[in-house]
There are 2 protein chains.
Amino acid sequence: MLEVLRAADDHPTAAEVYERVRRASPRIGSATVYRTLALLVSTGRALELNLGDGAAARYDANTRRHDHAVCDGCGRAVDIDHPVPDGMMAEIARRSGFAITGYDLQFRGLCPDCQANGSDPARTAGGTGQQ
Amino acid sequence: MLEVLRAADDHPTAAEVYERVRRASPRIGSATVYRTLALLVSTGRALELNLGDGAAARYDANTRRHDHAVCDGCGRAVDIDHPVPDGMMAEIARRSGFAITGYDLQFRGLCPDCQANGSDPARTAGGTGQQ
DNA sequence: GTGATACTGAGAGTCGTTCTCAACCAGCGG
DNA sequence: CCGCTGGTTGAGAACGACTCTCAGTATCAC
Ligand SMILES: [Mn+2]
Ligand SMILES: [Mn+2]
Ligand SMILES: [Zn+2]
Ligand SMILES: [Zn+2]
């Protein structure tokens with residue numbers, strides 16, 4: 001299960017993880033996948049990502065803190081490594097009175113592929129519009 | 001409906017909007033609330049917020065671009081007005097190859113109330129843990 | 001009034017996720 | 001070996017947040 005996640009370069013949803021794990025262990029049930037993903041997340045071996053569209057959570061074996069750019073065309077999410085400066089966090093904390101422990105940041109736009117393929121391509125082509 | 005949203009200083013979910021609208025128009029159905037919220041969002045008169053927990057979408061009559069700090073204790077979301085510098089956006093665009101059109105940013109932490117009330121207070125006290 | 005048109009609320013359906021529970025499996029003492 | 005016990009599992013039910021469908025109703029044009 002962790003292997004599947006580590007082998008994934010995309011950011012699979014639970015359903016996609018299920019599908020992939022099933023290739024190795026066809027008898028597994030989705031409840032187990034959800035349970036195991038929750039365990040991996042709670043023990044810090046994976047991240048659960050909510051990419052701000054209302055869509056299903058994604059899972060990420062890359063537990064370094066990092067952000068994502070999400071394609072509005074095809075749903076692809078790529079890693080962005082560019083931390084917000086600490087000074088900004090401190091400033092926010094000061095102005096809001098919150099004790100800030102972290103942040104979630106995702107950029108939206110079109111990935112190179114979707115820029116190339118005109119207006120609404122990947123969402124209508126191929127699959128579900130989410131990868 | 002827009003009035004209800006404009007009067008709200010919190011960031012209500014569709015269910016909360018429904019509940020409030022119902023006080024003035026008890027015969028309204030939730031389908032109409034969802035339909036109307038979608039209309040307000042698509043015509044730019046309200047924002048739909050996905051605050052990165054897996055929870056229900058929030059709605060916001062404040063359509064200026066702004067971010068939020070979300071309390072891990074009680075779920076409260078307060079406005080943060082502190083734009084990410086354009087230079088950073090450009091840098092991300094350059095490095096990722098994405099055509100970046102915007103971003104979603106939310107800070108997480110504890111609001112002043114929840115800091116005051118010890119460890120796990122507001123989530124167990126009072127209501128549902130979401131406001 | 002009468003008919004076309006748009007809007008509404010109730011309820012069914014969908015999707016992602018969690019819960020429940022009986023079957024199963026490991027380890028362990030006998 | 002063998003029955004017991006406690007943890008895991010998978011199937012399916014349940015759940016929450018939406019979205020869809022459809023018949024009923026309000027609105028307007030004549
Ligand atoms: Mn990632
Ligand atoms: Mn706001
Ligand atoms: Zn794309
Ligand atoms: Zn709080």
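Throughout, a chain's letter reflects where its sequence line sits, starting with A, and its residues are numbered from 1. These figures come from a predicted structure and were not determined experimentally.
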Report summary line: Separation of dG10(D) atom P from I28(A) atom CD1, nearest Å, is 5 Å
Query raised in the report: According to the interplanar angle, ranging from 0 to 90°, do the rings of Y103(A) and F107(B) count as parallel (below 30°), tilted (30 to 60°) or perpendicular (above 60°)?
Result: tilted
**Report entry** Qualifying residue, where the test is side-chain contact (heavy atoms from CB on, under 4.5 Å) with H66(A) and the options are I80(A), L47(A), L105(A)
**Finding:** L47(A)
**Report entry** Distance-only side-chain donor-acceptor flag, H82(B) / D67(B), under 3.5 Å
**Finding:** no
Query raised in the report: Given atom CE of M1(B) and atom P of dG9(C), what is their separation to the nearest angstrom?
Result: 11 Å
Query raised in the report: Once you round it to whole Å, what is the distance between P of dT8(C) and CG of L37(B)?
Result: 13 Å
Report summary line: From CZ of R27(A) across to C1' of dC25(C) the rounded distance in Å is 13 Å
Query raised in the report: Between atom OH in Y18(A) and atom C1' in dT18(C), what is the gap in whole Å?
Result: 15 Å
Collect all protein-nucleotide pairs involving nucleotides 16-20 of chain D in which both atoms are nitrogen or oxygen and the distance is under 3.5 Å.
| from | atom 1 | to | atom 2 | distance (Å) |
| --- | --- | --- | --- | --- |
| dC18(D) | OP1 | A57(B) | N | 3.3 |

**Report entry** With Y18(A) via side chain to side chain donor-acceptor pair (under 3.5 Å) - residues at least two apart
**Finding:** none
Report task. Mind calculating the distance between CG (L39(A)) and C1' (dT9(D)) to the nearest angstrom? Result -> 14 Å
**Report entry** Contacts of type salt bridge (Lys or Arg N to Asp or Glu O under 4.0 Å), residue R95(A), not counting sequence neighbours
**Finding:** E91(A)
Requested in this report: Would you indicate, yes or no, if dT9(D) has its OP1 or OP2 atom less than 4.0 angstrom from a side-chain nitrogen or oxygen of T32(A)?
Outcome: no
Query raised in the report: Judged by atom type as modelled, is there a donor-acceptor pair below 3.5 Å linking the side chain of T32(B) to the main-chain atoms of I28(B)?
Result: no
